[in-house]
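Each remark here refers to the structure printed beneath this line.
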Amino acid sequence: MESKNKKSKKNQEKEEENHDLDRLSALPDSILSHILSFLDTRSAIRTSVLSERYRLVWNLSQCLDFTLWESQSVVSFESFVNRVLRLREPSNLTKFRISLHRGVSSEFMQNCVDYAARHRVEHLRIRACFSVNVSERKQRTSEGFFSMLRQLCNVEFLSVSLKTAEVMAALPDLEARTPTIFENLSVLEFTDENGCREKRLPIHIDIHPPEIATDVMIFDFSKEKETLTWLFKGKKKKVLESSPSLELVGIEIPKRLKEALFIALEALRSYRFIGDVPPPGCHRRSLPFPLSDCLGTLAYWDFSHGRCFSTCSLSRRDSGSSDLPRT
Amino acid sequence: MVTTDEKGPLTAKKKSVIIRSCDGDEFLVSESAAVLSTSLKKILEEKEDRLIHLSDIDNKTLAMVIAYLSTHADDGLSDDLKRSFDQEFVSGKEFDVLKYLVLATDTLQVTCLCYTVAKKMADIMKNKLVEWVRREFDIQNDYTPEAEAEIRRLDAWAWDDRQLEDD
């Protein structure tokens with residue numbers, strides 16, 4: 001065993017108590033599990049075989065992080081993850097990340113999101129590149145992906161990345177949905193990297209604070225019109241006031257847009273758009289409501305200067321009003 | 001993280017604290033740096049005495065923690081500089097040194113440093129074979145071969161060693 005020249009008394013005492021003390025095992029559970037929380041779950045579980053000391057330490061990590069690579073078996077991945085979810089310490093999950101490079105069953109996705117929702121995670125990231133057989137599964141999965149997310153009432157960070165048309169097609173229809181409640185959401189990232197071939201692929205996320213039960217906010221990615229619109233339904237002004245914790249919105253979409261984006265939320269700090277720009281002037285028709293109705297911070301991205309890859313940080317309306325388009 | 005003390009009246013700015021390690025050596029630290037540690041802040045709030053004795057942190061570790069605290073209490077440094085200082089701070093350090101650092105930062109409740117050090121320790125273990133970790137950290141394998149085989153069997157999916165390093 002390596003000895004340190006100036007080892008503290010307490011550490012020496014600990015060593016005496018603990019006959020097989022080594023450099024890592026001496027750390028208390030709380031610190032060991034903190035260290036393991038920086039590892040992906042698979043690596044964290046591998047530590048269980050180091051010695052008896054590590055048998056259950058991975059269990060205390062507050063993060064879950066799974067990746068399914070293209071070369072790996074879906075069946076064994078699913079049973080592995082399901083087993084981990086069954087076994088781990090149930091009370092302390094804060095982060096859940098899952099990255100899928102192959103298709104998984106919708107039951108499996110459901111199980112993961114259910115788990116995240118039940119444990120009130122604050123941070124959820126789903127990277128999905130899966131291929132679902134649309135014609136066979138559409139019926140089943142249309143109730144799937146987004147309705148799953150509806151249960152995530154405690155989530156503060158939600159990042160969803162969907163890469164294939166199949167997944168987009170599996171998302172629910174606008175009319176069929178009831179509002180989603182994201183009371184604590186402060187970061188929302190929604191990415192669609194490869195674009196879609198389907199004619200109409202609506203996605204919507206409703207941010208629906210409990211105090212104003214009739215308001216919903218909807219993203220409508222409608223490919224048929226090649227438009228991307230941010231729609232507000234219900235009492236528009238109330239929506240602005242009542243999504244106070246939404247701070248960051250990022251949207252990436254490869255298709256050319258004919259309409260512009262408009263975001264107005266009190267706590268919004270940054271709004272990122274990456275994509276093709278519409279012909280000049282189009283944005284003006286798409287403003288969902290007069291600017292004078294907006295409260296607090298306001299963001300508007302004008303796409304009239306060529307293709308844009310840009311992040312704009314927001315300023316308060318009084319200081320940044322000259323940058324805003326006139327209706 | 002910058003304390004208000006730095007911007008406060010001159011008297012507050014000049015205040016300093018003496019911290020004594022378990023080896024008996026004393027370190028003079030500005031109060032604005034000391035209060036970045038939640039534990040030290042609590043101690044300073046409770047007692048007038050400007051001498052704090054830390055019975056379980058040695059000289060070498062304490063000096064490192066104090067260097068970190070002083071840098072982070074420096075208003076003149078940008079957040080970017082502080083971030084690169086953090087990276088520099090943990091790079092190239094022995095695992096054993098990191099272990100004492102993580103213990104000390106846990107005791108002193110210096111959350112950011114605890115985070116940085118724990119992450120660094122995890123990075124060292126990342127993608128390594130179990131045998132490598134055991135060897136490197138002198139971990140005594142106290143499983144019976146049967147028990148170890150059983151654990152590996154149950155989580156078989158975690159044991160695909162193809163991508164793991166053993167150097």
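Every chain is numbered from 1 and lettered A, B, ... according to where its sequence line falls, protein lines coming before strand lines.
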Task: Contacting moiety of A:L87, where chain B heavy atoms sit under 4.5 Å - done: neither
Open item on the list: Other residues, nucleotides and ligands only: do more than 12 of their heavy atoms fall within 6.0 Å of NZ on B:K93?
Closed with: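 Yes, NZ of B:K93 has more than 12 neighbouring heavy atoms, counting only those of other groups under 6.0 Å.
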Open item on the list: I'd like to know whether CD of B:E88 has more than 12 heavy-atom contacts from other residues, nucleotides or ligands below 6.0 angstrom.
Closed with: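 No, the 6.0 Å shell around CD holds no more than 12 heavy atoms from other groups.
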With rounding to the nearest 0.5 Å, note down the distance linking [atom1] in [X] to [atom2] in [Y].
X: B:D142; Y: A:L50; atom1: CG; atom2: CG; value: 10.5 Å
X: A:R53; Y: B:N141; atom1: CZ; atom2: CG; value: 15.0 Å
X: B:E148; Y: A:E52; atom1: CD; atom2: CD; value: 10.5 Å
X: A:S43; Y: B:M125; atom1: OG; atom2: CE; value: 9.0 Å
X: A:H34; Y: B:M121; atom1: NE2; atom2: CE; value: 11.0 Å
X: B:N127; Y: A:R42; atom1: CG; atom2: CZ; value: 9.0 Å

TODO: Could you check B:L103 against A:I31 for side chain to side chain contact (heavy atoms under 4.5 Å, CB included), going step by step and ending with a plain yes or no?
DONE: CA-CA 8 Å; B:L103 272 171; A:I31 297 182; 3.9 Å; yes
Open item on the list: Tell me the closest heavy-atom pair linking B:K99 and A:L27, and the distance in Å.
Closed with: CG-CD2, 3.5 Å
TODO: Mind listing the closest non-hydrogen atom pair of A:R46 and B:K128 along with its distance?
DONE: NE-O, 4.4 Å
Task: A:Y54 vs B:I139, side chain to side chain contact (heavy atoms under 4.5 Å, CB included): CA-CA, chis, key distance, verdict - done: CA-CA 10 Å; A:Y54 299 88; B:I139 294 169; 3.6 Å; yes
TODO: Determine the interplanar angle of the B:Y115 and A:F38 rings, folded into 0 to 90°, and report it as parallel if under 30°, tilted if 30 to 60°, perpendicular if over 60°.
DONE: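 Perpendicular.
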TODO: Using non-hydrogen atoms and a 4.5 Å limit, figure out which bit of B:L98 sits close to chain A: side chain, backbone, both or neither.
DONE: neither
